[in-house]
Amino acid sequence: MKKLLCAVLTALLVAGSAFGQQTESPKNPTKNKPPATPQSQEKPAETTPKPEATAEQKPAIREASGDKDKDKDKEEHFDMTEVPPVVTHHQMMVDGKALRYTATAGRLPIKRGDGKIEAEMFYVAYTLDGQDAAKRPLTFAFNGGPGSASIWLHMGALGPRRVVLQPDGFMPPAPYRMEDNPYTLLDKSDLVLIDAIGTGYSRAADSELIKKFWGVKGDIEAFSEFVRMYISRNERWASPLFILGESYGTTRAAGIAGYLADQGISFNGITLLSTVLNFETLEDNFTNDQPYVFLVPSFTSIAGYHHKLAPDLAQDMNKARQEAEQWASTEYAQALDKGDALTTQERQKVIDQLARFTGLSKEVIDQANLRIDVRKFTHYLLIDQKVRVGRLDGRYTGPDPSGLLDTQFYDPTGSATQPPFTSVFNNYVRTELNYKVDMPYYVRAQGIGFDKWDWGSAIRGFPDTASAMRQAIVKNPYLKVLVMEGYYDLATPYYAANYTVDHLNLPPKYRENISYATYDSGHMVYLPTDGLKKMKADQAAFMTKSIP
């Protein structure tokens with residue numbers, strides 16, 4: 001399970017993600033254009049937050065002397081006093097039309113039965129002015145990790161303001177800046193971007209209570225309660241409701257849909273971006289070779305991008321992927337199933353074909369016992385150039401910070417994306433949203449330990465929320481699902497997601513409600529401008545189809 005935790009931690013960032021998710025550009029950076037004059041016209045906040053003591057960490061209360069005092073002083077306690085959100089007003093242009101909208105930044109309380117606040121979840125909501133709330137769609141969106149804040153979707157895809165990257169999605173030179181997002185979803189739906197407890201400005205009351213929310217079950221219940229609380233406080237029970245989750249956020253989205261289906265809250269549509277619902281498709285062991293099979297088509301895509309495929313494959317990448325899928329799910333899967341019973345001739349045939357589809361040397365494949373995982377592939381694909389390719393996005397490359405052979409694992413994607421997103425968001429939340437606090441915004445959860453995540457159903461096998469998704473679908477025949485996939489994503493390979501969806505055991509009538517969108521991008525399909533534009537069009541069309 002440690003292997004699983006490490007794998008998910010690196011990726012689901014978004015996300016997503018995954019957290020997200022950043023990298024060094026393998027290409028020469030283009031020159032930045034002069035910063036555009038912001039079109040957002042912000043009015044003074046209607047509500048000013050109280051001094052930051054209301055949201056800051058407080059010293060632990062001393063109960064006794066000696067070691068007990070020292071241990072108590074190490075505990076974190078956060079003020080759970082509820083304060084009004086900060087409201088600001090803005091304007092931007094989308095497709096030649098002026099959009100006037102209200103931004104609301106604050107924290108919603110998560111309470112236990114007697115009303116005591118156990119945690120507060122930070123969110124930023126965007127609502128279009130002058131709309132009928134009963135008819136206006138409302139989308140709840142979040143990244144994953146687990147342990148990632150949602151700035152990636154917020155500032156990279158959905159929100160009205162976005163981080164300025166190079167057109168291909170690679171890192172620009174500092175200082176980083178933002179601009180109006182011409183592909184924001186705000187013209188189609190109101191938005192609520194939510195940070196998981198322990199990330200962003202979301203906090204549990206103390207170090208003991210974080211354990212309640214730091215796991216599959218507690219996380220799903222907290223987000224579900226947030227949804228209920230938000231639509232109640234904002235009179236949105238009659239609105240068409242949507243969820244958009246990235247990376248581990250898809251695990252969460254499926255769980256929320258299943259959980260709230262029994263609480264009387266139904267969704268019109270769920271978008272799964274860079275999907276993982278069943279971790280059996282990601283985590284290998286001596287009796288589970290599925291992940292090796294599902295990775296092959298993504299290996300082929302990335303090898304093709306870096307010109308490591310034979311000419312007959314490289315000339316048509318769509319055909320190459322199809323061939324890789326066919327071979328991986330038949331001959332390769334059958335060979336792996338034989339295990340040590342594989343003959344010498346059969347083994348050599350697999351080595352030859354796997355080298356053909358991955359661009360790796362036959363020696364590496366032989367030494368790996370025919371089983372190439374993400375770490376081996378990202379290390380060896382471009383080892384002749386002494387750089388590693390990205391896990392979250394195989395287009396990215398970069399040298400290992402500690403040396404070619406000394407770094408246990410390194411994803412250049414994160415190095416290229418985290419600095420601009422972190423810098424821009426911290427500036428944006430204070431200067432434009434007027435949400436000014438002293439507590440740090442955690443892009444990734446700090447101090448609570450990723451290895452403490454409670455995987456719940458893992459006791460019965462691999463963690464899984466595909467079953468919860470199925471329950472939500474069969475209980476609501478009108479629920480639509482859109483699966484978005486990046487071909488260069490090794491964190492949540494597209495072929496693994498397809499396998500999971502194909503094994504939901506749904507009648508034909510319900511399968512018609514599931515659709516797919518694919519991208520020549522990685523885990524965060526919206527980093528390249530072309531990917532962002534396509535994502536907006538795909539999501540808008542999906543929402544139109546999902547509302548009667």
Side-chain angles (χ1 to χ4, degrees), residues 5 8-9 12 19 49-50 52-64 67-83 85 105-123 140 142-150 194-230 232-233 248-249 251-252 255-256 259-260 263 437-459 463 465:
L5 298 175
V8 177
L9 172 62
L12 308 182
F19 344 12
K50 294 182 180 180
E52 187 38 28
T54 60
E56 281 305 293
Q57 179 180 330
K58 289 186 173 181
I61 300 174
R62 305 179 72 89
E63 293 182 350
D67 292 339
K68 188 174 181 180
D69 269 351
K70 294 179 181 179
D71 292 339
K72 197 70 176 176
D73 283 341
K74 294 178 182 178
E75 295 181 7
E76 289 188 329
H77 296 262
F78 295 91
D79 189 349
M80 293 289 104
T81 303
E82 189 175 359
V83 299
R107 303 201 299 174
L108 276 187
I110 305 300
K111 303 178 182 180
R112 68 185 190 189
D114 63 0
K116 181 178 179 180
I117 298 176
E118 295 185 318
E120 289 188 326
M121 297 181 72
F122 178 73
Y123 71 97
F140 296 94
F142 36 78
N143 282 87
S148 170
S150 296
I194 315 164
D195 287 334
I197 296 170
T199 75
Y201 294 132
S202 299
R203 301 288 188 271
D206 55 48
S207 55
E208 279 300 309
L209 276 171
I210 188 63
K211 298 176 183 178
K212 178 177 180 178
F213 306 107
W214 202 241
V216 177
K217 181 175 181 290
D219 176 78
I220 288 171
E221 291 178 352
F223 270 83
S224 297
E225 174 59 11
F226 179 98
V227 170
R228 186 203 66 80
M229 179 83 75
Y230 184 90
S232 293
R233 289 192 173 188
Y248 183 84
T251 313
R252 177 186 296 134
I256 292 172
Y259 182 86
L260 288 181
Q263 311 300 317
V437 296
D438 290 335
M439 69 192 312
Y441 184 89
Y442 290 151
V443 175
R444 300 180 183 180
Q446 305 286 314
I448 46 183
F450 183 85
D451 59 341
K452 298 294 192 291
W453 188 262
D454 182 357
W455 288 97
S457 63
I459 195 172
T465 57

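- To the nearest 0.5 Å, atoms CG (D195) and CZ (R107) are separated by 11.0 Å.
- No donor-acceptor pair under 3.5 Å is formed between the side chain of E82 and the backbone N or O of M80.
- One N or O on the side chain of S224 and one on the backbone of I220 form a donor-acceptor pair closer than 3.5 Å.
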Take Y248 and V216, measure what side chain to side chain contact (heavy atoms under 4.5 Å, CB included) needs, and give me the verdict at the end. CA-CA 10 Å; Y248 183 84; V216 177; 3.5 Å; yes

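- Legend: residues meeting side chain to side chain contact (heavy atoms under 4.5 Å, CB included) with E225, ordered by chain and number and at least two apart, are I110, R228, M229.
- The minimum heavy-atom distance linking A222 with M121 is given by the pair O-SD, 3.8 Å.
- For the pair W455 and P463, the tightest heavy-atom approach, listed with the atom from each and the gap, is CE3-CG, 3.6 Å.
- Remark: D454 does not engage K217 in a salt bridge, criterion side-chain N to carboxylate O under 4.0 Å.
- Taken from CD1 in I210 to CZ in F78, the straight-line distance is 8.5 Å, to the nearest 0.5 Å.
- With values rounded to the nearest 0.5 angstrom, F142 atom CZ is found 12.0 Å from T199 atom OG1.
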Quick one: do F140 and Y230 satisfy ring-ring contact (aromatic ring centres under 6.0 Å, His included)? Show the steps, please. CA-CA 10 Å; F140 296 94; Y230 184 90; 5.8 Å; yes

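- Between the side chain of S202 and the backbone N or O of F122, at least one donor-acceptor pair lies under 3.5 Å.
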